[in-house]
**Q** 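First the structure, which I've put down as structure tokens, then a few questions once you've had a look.
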Amino acid sequence: MAKKNIFTDAFGTPYFLKRFIIFILGVVSYRRFNGFNKLKITGTEHLVDLPDSNVLFVSNHQTYFADVAAMYHAFCAVNNGYLNTIKNPIYLLNPKIDFYYVAAEETMNKGILPKIFKIAGAVTVKRTWRAEGKSVNRMVDMSEVDNIMKALDNGWVATFPQGTTSAFAQGRRGTAKLVKNQRPIVIPIKINGFRRAFDKKGLRVKVTGVKPTMEFKAPLDIDYDNEKAPEILLKIMTAIEQTEDFNVLHNYDEELKAKKLEQKDSNN
């Protein structure tokens, strides 16, 4: 596995370029999280004593870029001693540069801004189940898995196990297999309100006055020797509150169906 050095990260990107891009994107996005809308961050005390590598953040997903941009703000703030707040943007002068995030290749290749985001730390993968809005069925590209492992070996990585911004979509087994094989520290992140505050891409403010939330939870307790991938995936999906048990609308629909069935039976 390639290693970072004092000049470049594990993928050969110059640190001075990453610092510049993170700073500029941070300045541009700051008012979105502490102006037009007020981002509430909790749980960053769980990040203070983490090692510099082999830490995997697993999160639900609501927009393409705003979720990741908010993570950059949170990580940079913690890197400078600010917990549960992004009120002092001076942290952008000393960013968390060995942070990577897993993103769909087709998303990161559309337009100039996504390509700039990509330089900041994207590890791109091709979806195995969907491409360009159509269902597909293709094999996992092992070189992409190697890239995620390289990122973990050299820093922190954020991934979205559902692989989509749709709420309560099923988790992908690849995340659990990666966790099983790589044995990282796994930190769940639960986000909410991003879908309401921003457009789907997360580049445009849709509604002001929203208070999106980002909750960092304690590291998952995983028995890497005995727990199987499906068990790990369930633990992850429960931690980010994306199982059907958390789907209030689903429960409401089921209750409504039951009531209609009871009424039908009583009429007969």
Side-chain angles (χ1 to χ4, degrees), residues 3-11 13-60 65-102 116-117 119-123 151-160 184-194 197-198 202 210-221 239-240:
K3 291 289 184 181
K4 60 187 178 183
N5 57 51
I6 60 174
F7 301 109
T8 64
D9 70 7
F11 298 93
T13 304
Y15 277 136
F16 79 87
L17 181 59
K18 291 187 73 171
R19 287 179 181 275
F20 177 73
I21 288 175
I22 292 171
F23 176 78
I24 295 300
L25 292 177
V27 170
V28 171
S29 63
Y30 182 72
R31 287 194 67 196
R32 296 166 185 264
F33 302 117
N34 198 41
F36 300 119
N37 297 296
K38 296 289 187 180
L39 175 65
K40 180 180 179 182
I41 303 174
T42 57
T44 55
E45 61 273 10
H46 297 303
L47 314 184
V48 175
D49 295 320
L50 291 176
D52 292 331
S53 62
N54 209 32
V55 178
L56 182 68
F57 295 87
V58 291
S59 177
N60 62 315
F65 300 110
D67 307 6
V68 173
M71 289 179 193
Y72 269 108
H73 278 284
F75 293 145
C76 292
V78 171
N79 195 50
N80 290 273
Y82 301 107
L83 301 184
N84 297 327
T85 181
I86 60 168
K87 289 184 179 180
N88 192 345
I90 194 172
Y91 56 72
L92 292 171
L93 294 173
N94 181 35
K96 176 72 176 175
I97 50 176
D98 287 313
F99 166 61
Y100 307 89
Y101 59 97
V102 180
I116 295 175
F117 264 99
I119 296 173
V123 180
L152 278 170
D153 283 340
N154 290 275
W156 294 358
V157 177
T159 188
F160 305 93
I185 295 173
V186 180
I187 306 289
I189 305 176
K190 173 64 173 67
I191 66 170
N192 196 23
F194 284 73
F198 308 102
V210 178
K211 294 182 179 180
T213 61
M214 177 170 284
E215 178 187 1
F216 293 87
K217 299 188 178 182
L220 291 182
D221 182 13
I240 64 175

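This one's a predicted model, so the numbers in the text were calculated from it and none came from an experiment. Just so it is clear, the values below take in all heavy atoms, side chains as well, and ignore hydrogens, waters and symmetry mates.
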**Q** Drop me the distance from Ile97's CD1 to Leu17's CG, to the nearest 0.5 angstrom.
**A** 11.5 Å
**Q** Would you say the side-chain atoms of Ser59 pair up with the backbone N or O of Phe160, donor to acceptor, closer than 3.5 Å?
**A** no
**Q** Do Pro184 and Val55 make a side-chain contact, defined as non-hydrogen atoms from C-beta onward lying under 4.5 Å apart?
**A** no
**Q** Measure the spacing between CG of Asn79 and CG of Leu92 and express it to the nearest 0.5 Å.
**A** 11.0 Å
**Q** Nearest heavy-atom pair of Ala120 and Tyr72: which atoms, and what distance?
**A** O-OH, 2.9 Å
**Q** Output the distance between atom CZ (Phe20) and atom CD1 (Ile22), rounded to the nearest 0.5 Å.
**A** 12.0 Å
**Q** Check Ser29 against His73 and note the closest heavy-atom contact, atom names and distance.
**A** OG-NE2, 2.9 Å
**Q** Taking the six-membered ring for Trp and the full ring for Phe, Tyr or His, determine whether the centres of Phe33 and Phe198 are under 6.0 Å apart.
**A** yes
**Q** Are the side chain of Thr13 and the backbone N or O of Asp9 linked by a donor-acceptor pair below 3.5 Å?
**A** no
**Q** Check whether any side-chain N or O of Asn192 sits under 3.5 Å from a backbone N or O of Thr213 as a donor-acceptor pair, and report yes or no.
**A** no
**Q** Who pairs with Lys190 by salt bridge (charged side-chain N to carboxylate O under 4.0 Å, His left out), at least two apart in sequence or on another chain?
**A** none
**Q** Which heavy-atom pair separates Met71 from Ala158 by the least distance, and what is that distance?
**A** SD-CB, 3.9 Å
**Q** Does anything in residues 92-101 pair up under side-chain hydrogen bond (donor to acceptor under 3.5 Å, both in side chains), and if so which pairs, sequence neighbours excluded?
**A** Lys4-Asp98, Tyr15-Asp98, Asn80-Asn94
**Q** Working note: Asn84 + Thr42, criterion side chain to side chain donor-acceptor pair (under 3.5 Å); need CA distance, chi angles, decisive distance, verdict.
**A** CA-CA 5 Å; Asn84 297 327; Thr42 57; 5.7 Å; no
**Q** Let me confirm one number: the CZ-CE distance from Phe194 to Met214, rounded to the nearest 0.5 Å.
**A** 4.0 Å
**Q** Rounded at 0.5 Å granularity, tell me how far CD in Glu215 sits from CD1 in Ile189.
**A** 10.5 Å
**Q** Verify side-chain contact (heavy atoms from CB on, under 4.5 Å) between Leu83 and Val78, making sure each step is shown before the conclusion.
**A** CA-CA 6 Å; Leu83 301 184; Val78 171; 4.3 Å; yes
**Q** Within a radius of less than 6.0 Å around CG of Asp221, do more than 12 heavy atoms belonging to other residues, nucleotides or ligands occur?
**A** no
**Q** Could you label the plane-to-plane angle of the Phe57 and Trp156 rings as parallel, tilted or perpendicular, counting under 30° as parallel and over 60° as perpendicular?
**A** tilted
**Q** For the residue pair Ala151 and Val157, what are the closest heavy atoms and their distance?
**A** CB-CG2, 3.5 Å
**Q** Side chains of Phe11 and Val123: does their closest heavy-atom pair fall under 4.5 Å?
**A** yes
**Q** Apply side-chain contact (heavy atoms from CB on, under 4.5 Å) to the pair Tyr82 and Ile90, showing each step before the final yes or no.
**A** CA-CA 10 Å; Tyr82 301 107; Ile90 194 172; 3.6 Å; yes
**Q** Working to the nearest 0.5 Å, report the span between NZ of Lys211 and CG of Asn37.
**A** 10.5 Å
**Q** Please tabulate, for side-chain N and O atoms in residues 47-54, each donor-acceptor pair with protein atoms closer than 3.5 Å (sequence neighbours left out).
**A**
from, atom 1, to, atom 2, distance (Å)
Asn54, ND2, Arg183, O, 3.3

**Q** Any side-chain to backbone donor/acceptor pair from Tyr30 onto Ile86? Under 3.5 Å, distance only.
**A** yes
